[in-house]
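Quick note: numbers below take in every heavy atom, side chains included, and nothing from hydrogens, waters or symmetry partners.
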Amino acid sequence: MPYLYDVNSKESIRDFARMLEDSCVAEALEKNAMYGGMPTGESSLVPSKEYSGKGGFGQYLEEVYFGKRNDSYSRADFEAAGLELKTTPLKKLGNGEVRAKERIVLGIMDFMTIVNESFENSHFVSKNLDILLVFYFHDSLKEYCNLDIPLVDIWNCIKEDGYQIRKDWEYIVNKVKEGRAHEISEGDTLYLGACTKGATRETSQREQPFSPLLAHARAFCYKVQYVNHIYQVLLDRKQNRTVSYVHIINSPETELEQIVQNKFSPYIGMNVLMICQLLKIPFKPKVKNFYAMITKRILGAEETQQIYEFQAADIQIKTIRIEPNGKCKESMSFKQIRYEEIVDQEWEDSDFYMELTSKFFFIIFKHDHPDDPYVLDRVIFWNMPEKDLEVVKRVWLDAHNKISTGDYKHFIQSSDNQIAHVRPHAKDSSDVMRTPQGTFEKKKSFWLNRNYIMDILLNA
DNA sequence: GCATGATCATGC
DNA sequence: GCATGATCATGC
């Protein structure tokens, strides 16, 4: 069969794939026909079998657009060229901004053999060096051939972010080496994550080499935050935009956490007013990005610059205030619950899970007297341990089930001591949101209990 | 106008 | 003193 691309050339495959950009499969095939025919000589948009579910669009694309049959999944998609095809869905937010809808799953981990691999010679690197990304707008009402494809490009994570990808890989593998595969969490790492694999917890338990405990089967993935970053970087390149970044990690030896601690250390013990004076930023603690701005400046970025790692991993900067009694005052709020969306979501694809498996950067202030200004006590990086995620999963499932059945009155409360709770988060009590039942209910959010936040600080 | 980080007000 | 519901303030 004549291909319209050279199966041995990444560039050729990419260029062929790029005819999908700002277009859709149906349109691109028409364009291709004008240039000399279909990739396989076929002219049908109808695949040999019906594809559906996760990965369905990818399989459809391989057959209908690239003229390949999906007979094997373990081989690289374009084996001869060393290129892996990944279709990745996007969604539009209410304000029109575009976000990745999901993580990109990169292949399952074998706990038993991975402990003998080095990063350079790893299965991960050999399989995922170059990935051909086809970003499309998720739309369950459209046929695959009509899905909008705004961006197509190759991502080489080693070239772009090699130092941190390597650290992430080694962090995950080290947990297996320490006999702690069952404690791996997607929140452990910045870009490369370890997401769970398998339908249920019960059927997805695997043995690990250095512990008798079974661990949840896991796959490497690009975390959803990193997928957002990839999309943004590739889009900026396509549109010839340049963004000014300050990189914290610039050699294999640099540790994000260490550098950040060093940069913050001169400011520990100072009150916020003094810090603002030194950094020459106005003291406006009510401004929404006030603490993000302080962080940026302390880490050496100008107002118009971004800290690369914070943006690429979407590290959540949160301030915590400790009162004279040693306790923190408030619970920590998260995004409001979209009642109509949550009922269709699985826990591990939910907004709350994505937020909780981000890395957190806590800026902790305290004061010894209610009238004293807050003093910077310390900063810590944190991510939620796997066992706590399991608890929050129950809170989420409870909310998920209650929303599905139309019960908006009996969510898990702070006093239930389940790490997280649900409570109102709105402009006022008339600020409501549509539900799957077609009614309107007060806007609510998930919150992390303030007791839990205090426990984190005590143990950190 | 809306989302969200922050904080208040009430009542047990 | 704390949980819970409610609301404010600001940026985009």
Where along [range] does a heavy atom fall under 4.0 Å from DNA chain B?
range	value
residues 349-383 of chain A	none
residues 436-454 of chain A	A:K443, A:W447
residues 397-424 of chain A	A:R423

Restricting to salt bridge (Lys or Arg N to Asp or Glu O under 4.0 Å), what partner residues turn up for [X], sequence neighbours left out?
X	value
A:D236	A:R241
A:D398	A:K402
A:E323	none
A:E143	none

Taking the ring centre of each residue, are A:F310 and A:F361 less than 6.0 Å apart?
yes

Residue pairs fulfilling salt bridge (charged side-chain N to carboxylate O under 4.0 Å, His left out) with at least one residue in residues 418-436 of chain A, sequence neighbours excluded:
A:E340-A:R434, A:D431-A:K443

Please name all residues satisfying ring pair (Phe, Tyr, Trp, His ring centres under 6.0 Å) with A:F57, sequence neighbours left out, ordered by chain then number.
A:Y136, A:Y144

Ring pair (Phe, Tyr, Trp, His ring centres under 6.0 Å) with A:Y171: which residues, sequence neighbours excluded?
none

Rounded to the Å, how far apart are A:E330 CD and B:dT4 C1'?
14 Å

Using the C1' atoms of the five pairs at each end, what is the angle between the end axes of the helix from B:dG1-C:dC12 to B:dC12-C:dG1, to 10°?
20°

Residue list, side-chain hydrogen bond (donor to acceptor under 3.5 Å, both in side chains) with A:E253, at least two apart or on another chain:
A:S251

